[in-house]
Number of protein chains: 2
Amino acid sequence: MAERAADVVNDVLAALADPTRRHLLDLLSASGQASATTLADGLPVSRQAVAKHLAVLDAAGLVESVKVGREVRYAVRPEALETTARWMAALAADWDRRLARIKRFAEAAEQDRHHPKE
Amino acid sequence: MAERAADVVNDVLAALADPTRRHLLDLLSASGQASATTLADGLPVSRQAVAKHLAVLDAAGLVESVKVGREVRYAVRPEALETTARWMAALAADWDRRLARIKRFAEAAEQDRHHPKE
DNA sequence: TGAATGTGCAACCCCAAGGTTGCGCGACGC
DNA sequence: GCGTCGCGCAACCTTGGGGTTGCACATTCA
């Protein structure tokens, strides 16, 4: 149902806020594909904890899952991350724009202080 | 003491995970400069809650504060956000690279299934 | 068929994070 | 000098998120 970009960004930011989830994404992007049980081996937490994290990452669109027999393989999915990266870059650019405007304005005011009504 | 980039990213992501803080940043970038009390007027939370959020944003390097008489003005600071945006874009690019590699590998294997030892 | 493996679901625990109220103090304006 | 305005600090409450254990259900393989 084509989630709005703002929602994607919201979910992605919430998902990336947790260090364990970022670590999971690292492991996934390195191995290409892995199950919850496998991933739990490389982390100091239980399989269920990993499964919960994967559910969050899935809801955020950062990973996708494929059932293979009795196991579930997860893989990284770049789109949501790219969307968020662009959102963030645009935001930073906007801030820069606004700050530049304010700086010019302040300089103009400074000029006026020295040469009013010129 | 020049915080490491990884730490900056960590703090920024944690800070941006909260919707109220993102809203605060919006208000700040729009007004250019504002105090905790002023900002609290535009939000459904108390001044102290806003002050706590501003402290988090400050620790993440997303805002800076200037004392003006008895009040404290906050303003947006783009560097940390830009650093994080770049980190995220690089991560997305890395995922794309890896996925492309895997895809090529899978296609090569598919070829071998049809024309082994060619 | 039966043991072993990989999951999912549910109940539960714990603590940090977001929020509030109350108060004391420095800075302004009259 | 005195009210008031803006802040900071501290104590406190409550919720949700991260974590765990236990168990039931599929799938694989001997």
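Remember, predicted model here, so these are calculated numbers, not experimental data. Excluded from the calculations below are hydrogen atoms, water molecules and symmetry mates; all remaining heavy atoms, backbone and side chain alike, are included.
The stretch residues 39-55 of chain B participates, sequence neighbours left out, in no salt bridge (Lys or Arg N to Asp or Glu O under 4.0 Å) pair at all. The stretch residues 54-77 of chain A participates, sequence neighbours left out, in these salt bridge (Lys or Arg N to Asp or Glu O under 4.0 Å) pairs: Glu71(A)-Arg73(A).
The shortest side-chain heavy-atom distance between Thr20(A) and His23(A) does not fall under the 4.5 Å cut-off. A 4.5 Å side-chain heavy-atom check between Lys103(A) and Leu99(A) finds every atom pair outside the cut-off. Side-chain contact check for Asp96(B) versus Glu82(A): some heavy-atom pair is nearer than 4.5 Å. Looking only at side-chain heavy atoms (C-beta outward), Leu25(A) and Leu81(A) stay at 4.5 Å or farther from each other.
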Are there any protein N/O atoms within less than 3.5 Å of an N/O atom in nucleotides 22-26 of chain D, and if so, which ones and at what distance?
unit_1, atom_1, unit_2, atom_2, d
dG22(D), O6, Gln48(A), NE2, 3.1

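Comparing Val68(A) and Ser46(A) by the nucleotide of DNA chain D whose heavy atom lies nearest to each, the residue mapping closer to the 5' end is Ser46(A). Each of Val50(A) and Gly69(A) was matched to the nucleotide of DNA chain D holding its nearest heavy atom; the match closer to the 5' end belongs to Val50(A).
With sequence neighbours left out, Arg98(A) forms a salt bridge (charged side-chain N to carboxylate O under 4.0 Å, His left out) with Asp94(A).
Of all the residues in residues 11-31 of chain B, not one reaches under 4.0 Å from DNA chain D with any non-hydrogen atom.
Contact between Ala75(B) and Gly32(B) at its shortest, heavy atoms only, is CB-O, 3.5 Å. Residue Asp11(B) comes nearest to Ala60(B) through the heavy atom pair O-CB, 3.8 Å, listed as atom of the first residue, atom of the second, then distance.
Between the side chain of Lys52(A) and the base of dG17(D), no donor-acceptor pair of N or O atoms lies under 3.5 Å.
Taking a heavy-atom distance under 4.0 Å as the criterion, the stretch of DNA chain C touched by chain B extends 5' to 3' from dG18(C) to dC28(C).
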Leu13(B) vs Met88(B), test: side chain to side chain contact (heavy atoms under 4.5 Å, CB included). Steps then yes/no. CA-CA 10 Å; Leu13(B) 287 176; Met88(B) 199 172 285; 3.9 Å; yes

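For the OP1/OP2 pair of dC7(D) and a distance below 4.0 Å, the side-chain nitrogens and oxygens of Ser35(B) include at least one atom meeting the criterion.
Residue Ala51(B) is classed as having no contact, given no heavy-atom separation below 4.0 Å to the nucleic acid.
Taking atom CG on Leu39(B) and atom C1' on dC7(D), their separation rounds to 14 Å, with Å as the unit.
The backbone N or O of Leu16(B) lies less than 3.5 Å from a partner atom in the side chain of Arg22(B), making a donor-acceptor pair.
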